[in-house]
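As the structure is a computational prediction, the values presented were derived from the model and not from experiment. For the single chain, residues carry numbers from 1 onward in sequence order.
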Amino acid sequence: MDFEFEKEHLNNTIKQYQEVIEDTELSLNSLPSLYRSNPEFLDNAIYTTKIKLNNLKTNINKPYFARIDFIDEHNKEDICYIGKIGVTDYDNNIITVDWRAPISSLYYDSNVGNASYNAPDGTINGTLKIKRQYDIENGILKSFTNVDTVANDELLKPYLDVNVDNRLKNIVSSIQSEQNSIIRKDFGKNLIIQGVAGSGKTTVALHRVAYLVYNYKNNINANQYIIIGPNKFFINYISSVLPDLDVNGVYQYDFIELAKEYISENFILNDPDYKLINYINDLKDSTIDKLKYSLIYKEQLDKFMYDINFSIIPNKDFYIKDFKILTKNEIMDTYKEISSNNSFSNINSRVERCILLLSKQIELRYDSLMIKLTEFINKLSDETSDKNEISKLAKIREEIKKELMNGCRQSLKKYFTNNNLSVINLYKNFITNYDSYSDNSDITIKLKEYTLNIMKQNLIDAEDLPALMYIKYKICGSMQYSNIKQIVVDEAQDYGDFNFYILKCIFNNSYFSIYGDLAQSIYSYKSITSWNSVQNIIFENNADILTLEKSYRTTVEIMEEANNITKMLNLNTATPVIRHGKQVNYIKSNDKINSIINEINKALENNYKSIAIISKTTNESNSIYQELFNRKINITNIDNSNTQYLGGICTIPSHLSKGLEFDVVIISDANESIFNSSNQTDMKLLYVSMTRPLHELTIIYSDNLNKALKNND
């Protein structure tokens, strides 16, 4: 009986969706005639209606995934069918409830029985009578299950056993309580989430954005959110998920793109991938770059910018047409007074304030200045008998008089514009004079020599970007980002303290949601070692550290093997969902390429959609790609220049695989000589590589296997 009822309800819902689609199409067609006189409003209405129409068409064949029956304390009953989007009919009757709506939290967090949820008007108490999950495919009800909690490993299996293609999974139907509590945190919270590999950090991050956009849409627009990912490829990888979550217009950057936009000067970035390879292979001393990512470097820049702050005042009195109006000492005294006021945190704001105050001083002195001006012009007139010259002096007097009446604002602006405040030039100045700001003579010599050398080539290291951004901030502030209200930083374990500090500076009107895993911090020369410094120093204890400890991505067998690495590194191990699969497949082979081809063929026979061959470095990955391509394998090569992956077989270096997931992963070479068990960066890169697969992992080696792993010899 229940099945027939639910089957009929689904058919009726699909019919209602179709009616709403038809109404929306009619509305879309009528918009041009309705708002012809208001083009800007018309464009926005068309854009919004098209998004609504696309969402309806996308979800019509699976309009909901769950149902809850809730009776509140006043005996009012709500029967809610929960879907990816909320839909109402023409008469505003609810057809499906959005998963982000307050009442939907009952599905994710509450057991059947006494329950409550937080609504805008306060807490609603009552009884949860039914909680039901549906398996719907192409508009057909396959089955449904009454559940007591969504956090049951058996109930999760249908969602975890599926194969993936080129995108992150949409997890709205299987969000776990620990994930949901983060997603639904209040807007006005700074969050730091430490999540193990496979715990859904990225999907939680995106779903939190979707939740906030939905619940705060009356006050905050989607374009007031920014997501910062680790690289362009990753940004492209997640970009298709947001529209699926009914989110459009959110800005997405990697840190380098954001830095370039903010600094807004021409430079070429030194290849960060090349530098990583050098660090992995111990070819480069990391002392310089560790310093550049530290707050010590920021403090040294503070000293430099203090000097620059006062050097911008021209070392001359303020004249108009040779008539002195203010002395340089008067100007400097005014500027110093402004600089002591914390309300003016950047040079441009101080200069603007100084011009304003000096202009007011001039206006107050107008009478006395006019007397001096008259004396000045009369004296010059007395020194000549040329009538034309006397006439010119009379005109000059009128020009200066007009300026004095306006407080000399325009002339004061010109007085302050003779300074070269190019960020790149200032940084070069800082490096050139670095001895004055550093107490460590050994590192001073190295830093100056190396940095000036690459800057002569018009190159900038990624390690210099926080410093350049900080100089820009000290000059200009960050008014262009003043309307941004929420910053999401993913893969944040690879940031240094200075990165976090400058982000907090330029987005000073924003709240932050920071996601990362210290076990995956592959950049030892810059990565933080603890979230405590971010919490205590950057956010001044105004941030909550939360954890995601359960891994939903991979099987027990794969996760237990990967945990051997975290144990060796003395880091927390992940707890996998109870989903069993094949044991990790170790292959000892001197013919790497043939072994890889054999494993690819096996995976294809099992209908896996995404297969990744992960190598330690980009060079090795490129080499394997070329070999496989030459053997007519249909394959994609992913490197720093590649921003798109459409599924199928790919080669990818370990550092770019962070945050991604594939059905099958083949690690091309896990020899001890490649992934050195005594090298922390090597071990973290191996851990990242091993935690990418959902279903199967093959590890190839030719000699001695990495010491942390199970040896099948």
Judged by atom type as modelled, is there a donor-acceptor pair below 3.5 Å linking the side chain of [X] to the main-chain atoms of [Y]?
{"X": "Y262", "Y": "Y473", "result": "yes"}
{"X": "N215", "Y": "Y211", "result": "yes"}
{"X": "K50", "Y": "Y47", "result": "no"}
{"X": "N190", "Y": "N542", "result": "yes"}
{"X": "S33", "Y": "S30", "result": "yes"}

Would you give the length of the straight line joining atom [atom1] of [X] to atom [atom2] of [Y], rounded to the nearest 0.5 angstrom?
{"X": "K62", "Y": "T13", "atom1": "NZ", "atom2": "OG1", "result": "14.5 Å"}
{"X": "I506", "Y": "S482", "atom1": "CD1", "atom2": "OG", "result": "12.0 Å"}
{"X": "Y225", "Y": "I227", "atom1": "OH", "atom2": "CD1", "result": "10.5 Å"}
{"X": "I85", "Y": "R100", "atom1": "CD1", "atom2": "CZ", "result": "9.0 Å"}
{"X": "I545", "Y": "I193", "atom1": "CD1", "atom2": "CD1", "result": "10.0 Å"}
{"X": "T58", "Y": "K84", "atom1": "OG1", "atom2": "NZ", "result": "7.5 Å"}

According to the interplanar angle, ranging from 0 to 90°, do the rings of H9 and Y81 count as parallel (below 30°), tilted (30 to 60°) or perpendicular (above 60°)?
->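 The rings of H9 and Y81 lie parallel, inter-plane angle below 30°.
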Assign the ring pair Y108 / F65 to parallel, tilted or perpendicular, where the plane angle (0 to 90°) is split at 30° and 60°.
->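 Correct class here is tilted.
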Is the cationic atom of K7 (NZ for Lys, CZ for Arg) positioned less than 6.0 Å from the six-membered ring centroid of F3 and within 45 degrees of its normal?
-> no
Run the side chain to side chain donor-acceptor pair (under 3.5 Å) check on Q194 and D517 step by step: do they pass?
-> CA-CA 5 Å; Q194 161 60 35; D517 178 15; 2.9 Å; yes
[X] with [Y]: basic N within carboxylate O range, under 4.0 Å:
{"X": "E6", "Y": "R132", "answer": "yes"}
{"X": "K57", "Y": "E25", "answer": "yes"}
{"X": "K658", "Y": "D494", "answer": "yes"}

Step-by-step side chain to side chain donor-acceptor pair (under 3.5 Å) determination, Q18 to Q16 = CA-CA 5 Å; Q18 188 59 51; Q16 289 175 298; over 6 Å; no
Could you tell me whether [X] atom [atom1] has more than 12 heavy atoms of other residues or ligands within 6.0 Å of it?
{"X": "N266", "atom1": "CG", "result": "no"}
{"X": "Y511", "atom1": "OH", "result": "no"}
{"X": "N634", "atom1": "CG", "result": "no"}

Assess the pair F255 and Y495: is the distance between their ring centroids shorter than 6.0 Å?
-> yes
Aromatic centroids of F662 and Y608 separated by under 6.0 Å | no
Considering residues at least two apart in sequence or located in another chain, which fulfil the side chain to side chain donor-acceptor pair (under 3.5 Å) criterion with N231?
->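 Here no residue qualifies.
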Picking from V87, L56, L26, what satisfies side-chain contact (heavy atoms from CB on, under 4.5 Å) with I21?
->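 Of the listed residues V87, L56, L26, the side-chain contact (heavy atoms from CB on, under 4.5 Å) partner of I21 is L56.
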Report the residues that fulfil salt bridge (Lys or Arg N to Asp or Glu O under 4.0 Å) with D69, sequence neighbours left out, ordered by chain and then residue number.
-> R67
Run the side chain to side chain donor-acceptor pair (under 3.5 Å) check on Y481 and E261 step by step: do they pass?
-> CA-CA 11 Å; Y481 299 123; E261 177 184 278; 2.6 Å; yes
Please name the pair of heavy atoms, one in I103 and one in C80, separated by the smallest distance, quoted to 0.1 Å.
->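 Distance-wise, the nearest heavy atoms are CD1-SG, 3.8 Å.
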Taking E661 as the fixed residue, which of R553, K609, R692 is the one that meets the salt bridge (Lys or Arg N to Asp or Glu O under 4.0 Å) rule?
-> R553
